[in-house]
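Each residue takes its place number in the sequence, starting with 1.
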Amino acid sequence: MSEKVDYNKIGLKCGLEIHQQLDSRKLFCNCPSILRKDEPDFEIKRKLHVVAGESGEVDTAAAYEADFKKEFIYQGYDTTCLVELDEEPPHGINKEALKIALHISLLMDCKIFPLTQIMRKTVIDGSNTSGFQRTVLIARDGFVETEYGRIGIQYIYLEEDAARKIFSDNEGKIIYRLDRLGIPLVEIVTAPDIKTPEQAKEVALHIGEILRVCKVRRGIGTIR
């Protein structure tokens, strides 16, 4: 029989990062947030092109990944628009999704930023046609009350989901579906206040209960 772990003795300290899809249209266009099961209507091919960022420097990880010369194939539908193909600038942020994110922030007693801006996070695995993910910092410094005590909520972000990978091989060929790209996500980052696995489970379930009273998507893969 294995010895029971004394988590206080080993000093376990961890937090959670939760991504929840919102039940609205996509974040930067008017396309529906639905996953398709039928055969795609078209394909496009792209490769990772390394360019300098706002600092004038090339991202080291992007430059390394580009050396593999991977080919990304994106499959789309009649519900796919030019924004998702990175052939048209993003539209204004989805106000319904923003309202849902604010609702979640208030339920977790977070301080909402009075002014924020859309940031870009570099993506090197091809899961976004633009080569970056758009994300917005919505709120900070909240908390949830649990049986084990108060757990801090460090940050809440609103961001776009990635394309859905359906195939990859050892030759560098990767196939993505664009139906998931751009679905609004709320990212919740807790403080490292969790001390035991039981507490981690309780915090996750408690946050899940809060999310379910808001306008979020349900089903496998909608929360990760």
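Rounding to the nearest 0.5 Å gives a distance of 10.5 Å between NZ of K47 and CZ of F72. One distance of note links CZ of R36 with CZ of R177; it measures 10.0 Å at 0.5 Å rounding. In this structure, the separation between OG on S24 and CG on N94 is 4.0 Å, given to the nearest 0.5 Å. To the nearest 0.5 angstrom, I183 atom CD1 is 11.0 Å from E160 atom CD. Between the CD atom of E187 and the NE2 atom of H19 there is a distance of 3.5 Å, given to the nearest 0.5 Å. Here the CD atom belonging to Q21 is positioned 10.0 Å from the CD1 atom belonging to I223, to the nearest 0.5 angstrom.
Hydrophobic clustering of Ile, Leu, Val, Met, Phe, Trp and Tyr side chains at less than 4.5 Å, counting indirect connections, keeps Y176 apart from V83. The cluster map of Ile, Leu, Val, Met, Phe, Trp and Tyr, joined by side-chain heavy atoms under 4.5 Å apart, puts M108 and L16 in the same cluster. Under the 4.5 Å side-chain heavy-atom criterion for grouping Ile, Leu, Val, Met, Phe, Trp and Tyr, V213 is not connected to L205 through any hydrophobic cluster. Linking Ile, Leu, Val, Met, Phe, Trp and Tyr whenever their side-chain heavy atoms come within less than 4.5 Å leaves V189 and I207 in two separate clusters. Taken together through direct or relayed side-chain contacts under 4.5 Å among Ile, Leu, Val, Met, Phe, Trp and Tyr, I210 and I18 form part of one hydrophobic cluster.
Between I104 and L22 the shortest side-chain heavy-atom distance falls below 4.5 Å. Side-chain contact between K99 and K215 is absent, with no heavy atoms from C-beta onward closer than 4.5 Å. Side-chain contact check for L185 versus R224: some heavy-atom pair is nearer than 4.5 Å. Side-chain atoms of M119 and Y157, non-hydrogen and from C-beta on, do get closer than 4.5 Å to each other. I138 has its side chain within reach of L98: a pair of non-hydrogen atoms, C-beta onward, lies under 4.5 Å apart. Residues L85 and T129 form no side-chain contact, since every pair of their non-hydrogen atoms from C-beta on lies 4.5 Å or further apart. Side-chain atoms of I93 and L158, non-hydrogen and from C-beta on, do get closer than 4.5 Å to each other. Using a 4.5 Å cut-off on side-chain heavy atoms (C-beta onward), V216 and V186 make no contact.
Taking every heavy atom of both residues into account, F113 and R140 meet most closely at CZ-CD, 3.3 Å. Residue C110 comes nearest to I156 through the heavy atom pair SG-CD1, 3.7 Å, listed as atom of the first residue, atom of the second, then distance. Nearest heavy-atom pair, K26 versus L181, reported as atom, atom and distance to 0.1 Å: NZ-O, 2.8 Å. Between P192 and Q154, the shortest heavy-atom contact is CD-NE2, 3.7 Å. Between D86 and S130, the shortest heavy-atom contact is OD2-CA, 3.5 Å. When all heavy atoms of I194 and G15 are compared, the pair lying nearest together is CD1-CA, 4.3 Å.
Relative ring orientation between Y64 and F68 is described as perpendicular, the plane-to-plane angle rising above 60° on a 0-90° scale split at 30° and 60°.
For S33 and R217, the side-chain atoms include no donor-acceptor pair closer than 3.5 Å.
When atom types are taken as modelled, the side chain of D41 and the backbone of D78 share a donor-acceptor pair closer than 3.5 angstrom. At least one donor-acceptor pair closer than 3.5 Å links the side chain of T116 to the backbone N or O of L137.
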Please walk me through it: do L106 and I112 pass side-chain contact (heavy atoms from CB on, under 4.5 Å)?
CA-CA 8 Å; L106 290 172; I112 295 171; 3.7 Å; yes
When you look at R25 and E96, which way does the side-chain contact (heavy atoms from CB on, under 4.5 Å) test go after all the steps?
CA-CA 8 Å; R25 288 184 174 268; E96 181 185 19; 5.9 Å; no
Test T80 against Y74 for side-chain contact (heavy atoms from CB on, under 4.5 Å), laying out the working first.
CA-CA 11 Å; T80 302; Y74 299 100; over 6 Å; no
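When each of R164, E84, K165 is paired with R180, the side-chain contact (heavy atoms from CB on, under 4.5 Å) condition holds for R164 and for no other.
Of the charged side-chain nitrogens involved, none lies within less than 4.0 Å of a carboxylate oxygen, so that R150 and D109 do not count as a salt-bridged pair.
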